[in-house]
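To start, the structure itself, in structure tokens.
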Number of protein chains: 2
Amino acid sequence: MFSKACTYGIRALILITQRSNEGEKIGAKEIAEVTATPEPFTAKILQQLSRQGIIQSVKGPRGGFYLDDEQQNTPLYTVVAAIDGDQLMTGCGLGFLECSDEKPCPMHAKFKSIRASINKMLQSTTLKDLSNDVEGGLSFLSLKN
Amino acid sequence: MFSKACTYGIRALILITQRSNEGEKIGAKEIAEVTATPEPFTAKILQQLSRQGIIQSVKGPRGGFYLDDEQQNTPLYTVVAAIDGDQLMTGCGLGFLECSDEKPCPMHAKFKSIRASINKMLQSTTLKDLSNDVEGGLSFLSLKN
DNA sequence: ATAATAAAAGACAAAAATATCTTTTATTTC
DNA sequence: GAAATAAAAGATATTTTTGTCTTTTATTAT
Ligand code: FES
Ligand code: FES
């Protein structure tokens, strides 16, 4: 469904959101440890997210990554699109170039509604939503790979 | 969502189903042409599907691939599982090792219902269903990549 | 039987995704 | 200002996916 880069990125963002709510920044090393992801690879993804304005970063001692209030309301859609692109959200389920009701592929009718529910979920779920659940003990961010 | 190998495989199977209903076999070359897939790669996938009992194959002149009546009722689930495995259908949306209600990841609650609808779709849609739509002009198998 | 055909098998190649390592740059603390 | 810290940037390595090519085997038609 999502690439590894994307799952690592989402995991990291949820953790950063949590820390940001406590007024803290967090470094790549700790992020990788807590989310069980390879550190240099995760750092690369964070770099990319920073360039794309999805997170803030500060170099130097006491530096690290954080999200400002606005960024905490970023929907998953934006994150997935930034890392994996939007093929999943807009593309054809059988991999054809275009997806349309006029010239539908054999999976179109069945795939369309699933894609719609994926879109709805990604658009309506924010980083803050997910981090609140973790904070409230409803879900867990440190699990085995 | 699906790997290229999987989309190529599904495309090929729909075409083979169509031809099988006309009592015909079809070769890898024509399959690749009609479905707009790379021939040797598609041939490999068909080989794999043949070994797994999802299609029949006959070597030699007038040989090719076909599906018997039973095989035409194969659900997409079986095809996807055979090519891509069942990570999409049973695995965690954030890539963790296990998915459970007891130790849910942050995406679990939202992802679970989407995964359920994917499963329902894959289990309830057979190759014959898809090929019937193409045969009836409701959908198209020859589209641009 | 022989030749032609088409899949099977296996080796090989290219590209993309995943992962690591080193150097540079910015920032903070002292 | 100097030293320490941590992200940015860029080079490199590995693995997986995607794609191709060659040889072998089975089958059919003549
Ligand atoms: S054309 Fe394939 S999903 Fe719409
Ligand atoms: S634990 Fe991640 S989707 Fe269920």
Side-chain angles (χ1 to χ4, degrees), chain A residues 1-13 15-16 19-20 24-33 35-67 80 82-85 87-88 94-95 145, chain B residues 1-13 15-16 19-20 24-33 35-67 80 82-85 87-88 94-95 145:
Chain A
M1 179 89 125
F2 305 118
S3 69
K4 290 201 174 188
C6 195
T7 63
Y8 296 168
I10 294 171
R11 293 184 201 179
L13 287 170
L15 178 58
I16 299 169
R19 292 303 169 88
S20 299
E24 300 274 324
K25 291 193 277 300
I26 180 173
K29 189 175 177 188
E30 190 183 354
I31 292 172
E33 278 166 9
T35 61
T37 60
E39 198 230 297
F41 190 43
T42 303
K44 277 289 176 208
I45 298 160
L46 292 172
Q47 221 177 100
Q48 186 188 343
L49 293 173
S50 172
R51 273 195 303 268
Q52 294 182 90
I54 291 172
I55 57 177
Q56 302 294 329
S57 74
V58 176
K59 291 183 181 179
R62 313 251 12 231
F65 300 93
Y66 70 97
L67 301 199
V80 174
I83 301 176
D84 279 352
Q87 173 66 19
L88 173 67
L94 276 187
N145 272 320
Chain B
M1 179 90 122
F2 306 118
S3 69
K4 290 204 174 190
C6 194
T7 62
Y8 295 169
I10 294 171
R11 294 185 199 178
L13 287 169
L15 178 58
I16 299 169
R19 291 303 169 85
S20 297
E24 300 274 324
K25 291 193 279 297
I26 179 172
K29 189 176 177 186
E30 190 184 354
I31 292 172
E33 280 166 8
T35 60
T37 59
E39 199 230 298
F41 190 43
T42 303
K44 276 290 175 208
I45 298 159
L46 292 172
Q47 222 177 98
Q48 184 188 346
L49 293 173
S50 172
R51 273 196 303 269
Q52 294 183 90
I54 291 172
I55 57 178
Q56 302 293 328
S57 73
V58 177
K59 290 182 181 181
R62 311 254 13 231
F65 300 94
Y66 71 98
L67 302 198
V80 174
I83 300 176
D84 279 352
Q87 172 66 21
L88 173 67
L94 276 188
N145 272 319

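Below, chains carry the letters A, B, ... as their sequence lines are ordered, and counting in each starts from 1.
For the pair B:R51 CZ and C:dG10 P, the computed distance is 9 Å after rounding to whole Å. Rounded to an integer number of Å, the gap from CD of A:Q47 to P of C:dT20 is 16 Å. Atoms CG (A:L46) and C1' (C:dA19) sit 15 Å apart, rounded to a whole Å. Spacing between atom CD1 of B:I45 and atom P of C:dA9 amounts to 16 Å, rounded to whole angstrom units. The distance from atom CG of B:N145 to atom P of D:dT18 is 13 Å, rounded to the nearest whole Å. Separating the CD1 atom of B:I83 from the C1' atom of D:dT17 is a distance of 14 Å, rounded to the nearest angstrom. Protein atom CZ of A:F2 is 16 Å distant from nucleotide atom P of C:dA17, rounded to whole Å. Taking atom CZ on B:F41 and atom P on C:dG10, their separation rounds to 18 Å, with Å as the unit.
Between the side chain of B:K4 and the base of D:dG19 there is no donor-acceptor pair of N/O atoms closer than 3.5 Å.
Here B:A28 lies in heavy-atom contact (under 4.0 Å) with sugar-phosphate atoms only. Looking at heavy-atom distances under 4.0 Å, A:P40 makes contact with a base.
Toward the 5′ end of DNA chain D lies the nearest nucleotide of A:K29, the other residue of the pair A:K29 and B:Y8 mapping further downstream. Each of B:K59 and B:C6 was matched to the nucleotide of DNA chain D holding its nearest heavy atom; the match closer to the 5' end belongs to B:C6.
Distances shorter than 4.0 Å separate none of the side-chain N or O atoms of B:S57 from OP1 or OP2 on C:dA6. Dashed line: the shortest gap from a side-chain N or O of A:S50 to OP1 or OP2 of D:dA7 is not under 4.0 Å. At C:dA4, none of the side-chain N or O atoms of B:R62 fall inside 4.0 Å of OP1 or OP2 (strictly under the cut-off).
Residues A:Y66 and A:V58 form a side-chain contact, since some pair of their non-hydrogen atoms from C-beta on lies under 4.5 Å apart. Counting heavy atoms from C-beta outward, A:K29 and A:E39 have side chains that approach closer than 4.5 Å. With a 4.5 Å cut-off on side-chain heavy atoms, B:T37 and B:N145 do not count as touching.
Closest to the side chain of A:S3, out of C:dT18, C:dT5, D:dA11, is C:dT18. With D:dA4, D:dT18, D:dT27 as the candidates, the nucleotide lying closest to the side chain of B:V58 is D:dT27.
A distance of 13.0 Å separates NZ in B:K4 from CG in B:D84, rounded to the nearest 0.5 Å.
Counting only distance, with no hydrogens or angles, the side chain of A:R19 and the backbone of A:I26 share no donor-acceptor pair below 3.5 Å.
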